[in-house]
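One structure is given below, encoded as structure tokens.
Order of listing sets the numbers, starting from 1, for every ligand and every atom in it.
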Amino acid sequence: MNIGKITKVSGPLIEAEGLTDANIYDVVEVSKDKLIGEIIEMRGDVASIQVYEETTGIGPGDEVRSTGRPLSVELGPGMLERMYDGIQRPLEKLEMLAGNFLEKGVTAPALDREKLWDFEPLAKVGDDVVAGDILGTVEETTVITHKVMVPYGISGKLKDIKAGEFTVADTIAVVETEDGDKEINMIQYWPVRQGRPIKEKIDPNEPLITGQRVIDTFFPVAKGGTAAIPGPFGSGKTVVQHQIAKYADADIVIYVGCGERGNEMTDVLNEFPELVDPKTGESIMKRTVLIANTSNMPVAAREASIYTGITLAEYYRDMGYNVAMMADSTSRWAEALREMSGRLEEMPGDEGYPAYLASRVADFYERAGKVRVLGNREDIGTLSVIGAVSPPGGDMSEPVTQATLRIVKVFWGLDYDLSYQRHFPAINWLNSYSLYQDKMDKFIDGNVDEEFSTMRKRAMSLLQQESGLLEVVRLVGRDALSDDDKLKLNVTKSIREDYLQQNAFHDVDTYCSLAKQDKMLGIILYNYDKCLEALSKGVEIKQIEGLDVNESISRLKLISEDNKERFDEIRSEIDSAISKLIKEA
Ligand code: ADP
Ligand code: MG
């Protein structure tokens, strides 16, 4: 039987018996309202089902019908620029802004069935095709070409291929397979809890350039890499995620908001369409899919949302694109997991989270990577995953943060004290790390400036020495320091304030190219060397501290990207100011 009867309702979890033919992870329709649910446990013929909608009004005796399919998404043209809930039901902007979500049980298709797409074939009749081969393309938006691929599980000789205007549901090709002819349209289905297959993973060796100095210079993430941003409430997790979504050099962005505050998604909705992608001059929404879950949405939908998001991301990766996925915050997802586990009366692990928390976190991040994609082609795609984590009270020893840090390769630790001092991004440079650093150094030294990694290492070493010196200052006062050490504290202050701090809300400062990062850091360290030289020639530290050029250095970040001459001017200012002091000494 694939029809059962409800025996128990407990919030988003219901129990039903009589589903003898159903399997774990099958999607079910609950009651006459056809609420969508998913079987998350089977004991004999008793199924525990998490329901993705409000279960008020549902009770024992109501029918549950198994669809025999796992929770899946529809993949095809028309996802970009859209907004979905955690199980890929389309949300309209107005509904989101007003906070009214879809009526119960309404299942609008994820992909528009009416819209016509201009399909341009690439494959030819007679071609031998396998899963992942590109049949043809449609212009999904003005900036992204959607590659229509042979779905997984199909291979054979192409018997027919069309050209012209079609809806996603129209047949655009016919493949003669061993089990007969298969008609192919532009919709693929994929079960969200299962990664899409690839040929092989390869080592990520290029940075995902975010335009955020502290990240790109000191703690870079690779294209195809994983990063976590843990931090207490208000420390800037969401702002960092937004900055990356806006400026990172990814082709496609999938933004999953499991916001603690409903208005965070509203900010995204108001802001993103207005923002212009510096690469294309078009709205960033042309390459973005939003998945929205606010705190007033059912907990189970939140649990599904990161899988929905990463499946969409894998699909665009399979086309050969660089995809970046943001999840803000994965703690809300883990809490949903904990709530369902509690209702299932499973044995609780640390802080009530289920024992399988760590493996779920690992399975999720392992879907990131740089890969050779499926099909008879050489394309490489990347999927970078950046997850925010909100440890309660900022306590990083809690289970979600710990499980995440064991698996991700980059850690951007947000610091309450820094955000309190309004040092933003509040990424603590002393405990954050990137395990991609060596590879990224090679790339940046080879593509931007061969001195870059040397400068980066020197700046970090100065920052590390600073904390020791500040301790001395606290104990015995600044006057007890040598002039060399005083100068060192001046340069580290300059690195912190003029370089690491970056205002996300300033027109120019919000984004900083690698070329500009290179110029800025170069000048700060050049100035330091010149000042050291002056000290060694008898100039007094007071005189160095009084130079006007310090003011120019503090304004480096505000120099616009195309004003290259200004950087050279500042170098000459430094040269002449220092030689003047040396002459006078
Ligand atoms: P969280 O998501 O960790 O709770 P938010 O990202 O919402 O924190 O950041 C809280 C506030 O901190 C923002 O509203 C903003 O005022 C400030 N902030 C964070 N990052 C920056 C930044 N890079 N530049 C300027 N202000 C920032
Ligand atoms: Mg936030």
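If you number the atoms of ligand 1 from 1 as listed, the ones under 4.0 Å from a heavy atom of Q502 come out as 22 (C), 23 (N), 24 (N). Applying the 4.0 Å criterion to heavy atoms of V239 picks out, from ligand 1, the atoms 6 (O), 9 (O), 13 (C), 19 (C), 20 (N), 21 (C), 22 (C), 23 (N). Short contacts between ligand 1 and F505, defined as distances under 4.0 Å to a heavy atom of the residue, involve ligand atoms 15 (C), 25 (C), 26 (N), 27 (C). Close approach of ligand 1 to A504 (heavy-atom distance below 4.0 Å) involves ligand atoms 22 (C), 23 (N), 24 (N), 25 (C). Close contacts between ligand 1 and N503 involve ligand atoms 24 (N), 25 (C) [criterion: under 4.0 Å to a heavy atom].
Here the shortest heavy-atom distance to atom 20 (N) of ligand 1, taken over F233, F424, Y416, belongs to F424.
At a heavy-atom cutoff of 4.0 Å, ligand 1 is contacted by the backbone of P232 but not by its side chain. Of the heavy atoms in Q243, none comes closer than 4.0 Å to ligand 1.
Ring pair Y511/Y247 is tilted by interplanar angle, where 30° to 60° counts as tilted.
Of the N or O atoms in G236, one or more lie within a sub-3.5 Å distance of an N or O in ligand 1.
Donor-acceptor pairing under 3.5 Å is recorded for the side chains of Y356 and E346. Under the 3.5 Å distance criterion, with hydrogens and angles disregarded, a donor-acceptor pair is assigned to the side chains of S461 and Q465. Checking R343 against S10 by side-chain atom types alone, a donor-acceptor pair falls below 3.5 Å.
Ligand 1 has R422 within reach: a non-hydrogen atom of the residue lies less than 4.0 Å from it. The closest approach between any non-hydrogen atom of G231 and ligand 1 is not below 4.0 Å.
Side-chain contact between L357 and L337 is present, with at least one heavy-atom pair separated by less than 4.5 Å. In this structure, the side chains of P230 and K237 stay at 4.5 Å or more apart for every pair of heavy atoms. At a threshold of 4.5 Å between non-hydrogen side-chain atoms, the residues I524 and I553 count as touching.
Between D498 and R555, no side-chain nitrogen of the basic residue sits less than 4.0 Å from a carboxylate oxygen of the acidic one, so the salt-bridge criterion is not met.
None of the N, O or S atoms belonging to Q241 lies under 2.8 Å away from the Mg ion (ligand 2).
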